[in-house]
Amino acid sequence: MFAMLDVRTIREHPDLVKHAVEVKGIDLDVDALVALEAEVRRLRHEVDNAMGERKRRSKEFGRADEATRERLRAEQAEFDVRLSATKDEHAVRAAELQDLMLQVPGIPWDQAPVGAGEAENVVIKKVGTPPTFDFEPLDHVTLLEERGWAEFARARNVSGERAYALRGDAVLLERAVLSYALDLLVTRSFTPISVPSLVREAALVGTGMFPKGREETYELPADDLFLAGTGEVALVGLHAGEILDKAQLPLLYAGISPCFRREIGSAGRDVRGLVRVHQFEKVEQFVVCEADDAESEKWHQALLDCAEQLLLDLDLAYEVVECSTGDMGLGKFRMNDINTWFPSLESFRETHSCSTLHDWQARRASLRYRDTDGTIKHAHTLNNTAAATPRLLVALIENHQNADRTVTVPPVLRPYLQGREVL
RNA sequence: GGAGGCGUCGCCUAGUCCGGUCUAUGGCGCCCGCCUGCUAAGCGGGUUGAGGGCUACAACCCUCUCGCGAGUUCAAAUCUCGCCGCCUCCGCCA
C-alpha cells in the first residue's frame with residue numbers, strides 16, 4: 001500500500017496537508033480524501049467482520065452431518081453474495097483512495113520560501129566569480145565542433161532531436177569528471193554502485209516519479225519497463241519493501257547510471273547543444289538514514305557539501321538556491337539547487353539538485369528499519385547530483401576555454417587524463 | 001528461445017501427493033525472566049508484517065498475510081491458472 005503520509009496523520013491533521021497542498025500548488029481535495037478514507041475504513045471493517053463470520057460457518061460445516069451441510073451450503077451461498085458485493089465495493093473505493101493518496105504531498109520545510117515556482121527561489125550563497133575573457137569566448141557547441149569533440153548533425157540523423165555524440169578528448173574529459181565525482185564520494189564513505197536504468201513501474205511509483213512524471217518517462221511497452229530519468233529510481237528500489245536493521249544505517253550510495261528523459265515539458269527549450277539532452281550520465285548521491293530531523297538535516301548538508309566541493313575543485317562559479325514550495329515537487333521536504341555559471345548563457349544553470357524527502361519516499365517504497373527499541377519506522381531518504389554529464393561538461397569547457405581554443409584541465413582531473421594540463 | 005526444479009513468520013526447516021483443530025512444526029539467532037561468585041550451560045516465556053476495534057502508540061480482540069494475484073470450494077500453505085524471483089541444463093550471444 002503506497003502512502004506518502006501516514007493515513008492517521010492525514011486523518012488527524014488535515015490542515016497540515018491542506019497547507020502543503022496550497023503552498024505546493026497541488027490540485028487535491030483533502031476533505032474528499034479524508035471522507036473517502038473513512039468510507040474505505042468502514043467497508044474494510046464490514047468485510048473483516050463478515051470474513052470472521054464466514055470462518056466460523058466453515059468450521060461448523062466441518063462438524064455437521066450431511067443434512068445440516070446442505071442447509072449451511074445454501075445459507076453460505078446467500079451470505080457470500082452480500083460479502084462479495086461489499087468486497088467489490090471496498091476494492092473500488094480503496095483503488096480510488098489509492099489514486100488520491102499518490103497525490104498527497106510531503107509537508108515542506110517551514111522555512112522554505114513560499115511561492116508558485118522557480119521565480120520565488122532564493123539564492124542563499126554565491127561562490128566564485130564567473131570568468132572574464134580577454135578574447136571572444138565560444139559557446140560549447142562551436143568549440144566542440146571546432147575541436148572535433150562532438151557530432152551533432154550526424155547523431156541527430158541517427159537518433160533525432162537533442163541527440164549528440166562526444167568524440168575524442170571530450171569523451172575522455174567526460175570520463176574524467178565522472179571518475180573524479182565517484183572517487184570523491186568514495187573518500188567520503190559512499191559505496192559506489194552501478195544501478196539499472198531499465199526499471200519497473202513499481203520502482204517509479206515508489207520513488208514518487210509516477211504518476212505525475214509519467215509522460216516525462218520513456219516507456220518500453222513490449223517489456224513493461226521504463227527508462228529511468230535518474231539513478232535515484234533504482235537506488236530507492238534496491239531496498240524497497242525491506243526492513244533494515246538500524247545498525248545498517250545510514251546507507252550511503254554513489255550510484256552511477258545512464259539517465260533518460262523525454263523533456264516533453266521543455267520542448268523547444270535549450271535545443272542547441274548539450275545543456276538539455278535525452279540521454280546522459282550521472283553519478284548520484286543517495287542516502288537512507290534514520291527517521292530523525294536532525295539526522296536527515298545533517299546528511300542534506302553533507303550532500304550539498306560534496307557537490308560544492310566538486311564545483312570548487314573544478315574551479316567553477318556557482319550559486320546555491322533555496323527552492324520554493326512550488327518548485328520543489330510533490331514529495332520533497334527541502335530542495336537546494338546548485339546553479340553553475342555557463343558563460344555562453346551568461347547565467348547560472350542548474351547542475352545539481354539536493355533533496356530531502358523525509359519519509360515520504362520511504363513510505364511509497366516501503367523502505368523501513370527496525371529501531372533500537374524494536375519499533376519499525378519508515379526511513380528518511382535524500383539525494384543529490386554528484387556529477388551529471390554532458391551538462392557539467394559544457395560548464396567545464398566553456399569556463400576553462402583559452403584563446404587558442406584549447407581547454408585548461410582543472411588540476412584534480414589531470415590524474416585521469418595522463419597528467420595533461422590542457423586539451 | 002527450450003526443459004526441469006524451487007519460493008513457508010530474521011536464517012534454516014516440518015507440512016503441500018490424500019484441502020478442514022495449521023489459531024503453521026522444530027532448530028538457530030534475538031528479547032524478557034529464573035537459576036548462578038562472573039561467564040557459559042540449564043529452565044520458563046516471547047519473537048512476520050499490515051489494517052481495524054478499543055483508543056494511553058499498554059493489555060485484549062478481529063481480519064488479512066505461507067513470493068504476488070486470480071480461480072475452484074462450505075473451506076486453500078495444500079488443488080488450478082497467470083505473474084514475479086531464484087537455481088540447474090540446452091540453445092544463442094557481447
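Throughout, a chain's letter reflects where its sequence line sits, starting with A, and its residues are numbered from 1.
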Report task. State plainly whether the residues A/E263 and A/R276 are in salt-bridge range, i.e. N to O under 4.0 Å. Result -> yes
For A/R57 and A/E53, what are the C-alpha separation, side-chain angles and deciding distance, and is it a salt bridge (Lys or Arg N to Asp or Glu O under 4.0 Å)? CA-CA 6 Å; A/R57 284 165 184 257; A/E53 174 66 20; 3.0 Å; yes
Paired to B/A59 by Watson-Crick or G-U wobble criteria (both distances under 3.5 Å) is none
Ranking B/C74, B/G49, B/U55 by distance to the side chain of A/R370, first place goes to B/G49
Output field: ring centroids A/Y253/A/H239 closer than 6.0 Å | yes
Here the distance between atom P of B/C84 and atom CD of A/E201, to the nearest Å, is 14 Å
Which of A/R93, A/R42, A/R11 passes side-chain hydrogen bond (donor to acceptor under 3.5 Å, both in side chains) with A/E37? It is A/R11
Report which part of the nucleic acid A/R200 touches: base, sugar-phosphate, or nothing (heavy-atom distance under 4.0 Å, all strands). sugar-phosphate
Legend entry - A/E281 and A/T389: side chain donor to acceptor below 3.5 Å: no
**OP:** Report yes if a side-chain nitrogen or oxygen of A/K55 is closer than 4.0 Å to either non-bridging phosphate oxygen (OP1 or OP2) of B/C62; otherwise report no.
**Re:** no
In whole angstrom, give me the gap between the C1' atoms of B/G5 and B/G10.
26 Å
pair_partner(B/C43), Watson-Crick or wobble, both distances < 3.5 Å, evaluates to B/G33
Worksheet item: A/R42 near the nucleic acid: base, sugar-phosphate alone, or nothing, with a heavy-atom cut-off under 4.0 Å?
Response: nothing
*Name the nucleic acid region contacted by A/R57, choosing base, sugar-phosphate or nothing; use a 4.0 angstrom heavy-atom cut-off, strictly under.*
nothing
If pairing means Watson-Crick or G-U wobble with both distances under 3.5 Å, then the partner of B/C79 is B/G71
Winner on side-chain proximity to A/K59, out of B/U23, B/C74, B/U55, is B/U23
For B/C18, the nucleotide meeting Watson-Crick or G-U wobble distances (both under 3.5 Å) is none
Separation of B/G49 atom P from A/K377 atom NZ, nearest Å, is 15 Å
| query | Hey, is the side chain of A/R44 poking within less than 4.0 Å of OP1 or OP2 on B/U63, counting only N and O atoms? | reply | no
Whole-Å distance, A/D371 CG to B/C57 P, equals 19 Å
A/D48 CG to B/C62 C1', in whole Å, measures 7 Å
Give a yes/no on whether any side-chain N or O of A/R41 is located under 4.0 angstrom from OP1 or OP2 of B/G53. yes
For B/C86, the nucleotide meeting Watson-Crick or G-U wobble distances (both under 3.5 Å) is B/G5
Exercise. Would you say a side-chain N or O of A/R11 is under 4.0 Å from OP1 or OP2 of B/G52?
Worked result: yes
The nucleotide from B/U55, B/C62, B/C64 with an atom nearest the side chain of A/N49 is B/C62
In whole angstroms, the gap separating P of B/G53 from NE2 of A/H45 amounts to 7 Å
Quiz item: Would you say the side chain of A/K377 lies within less than 4.5 Å of the side chain of A/E290, judging by non-hydrogen atoms?
Solution: no
Here the distance between atom P of B/G29 and atom CG of A/D245, to the nearest Å, is 17 Å
In Watson-Crick or G-U wobble terms, with both distances under 3.5 Å, the base opposite B/A94 is none
Atom CZ of A/F61 and atom C1' of B/C74 are separated, to the nearest Å, by 4 Å
Worksheet item: Which part of the nucleic acid, if any, lies within contact of A/R368, taking any heavy atom under 4.0 Å across all strands shown: a base, the sugar-phosphate backbone alone, or nothing?
Response: sugar-phosphate
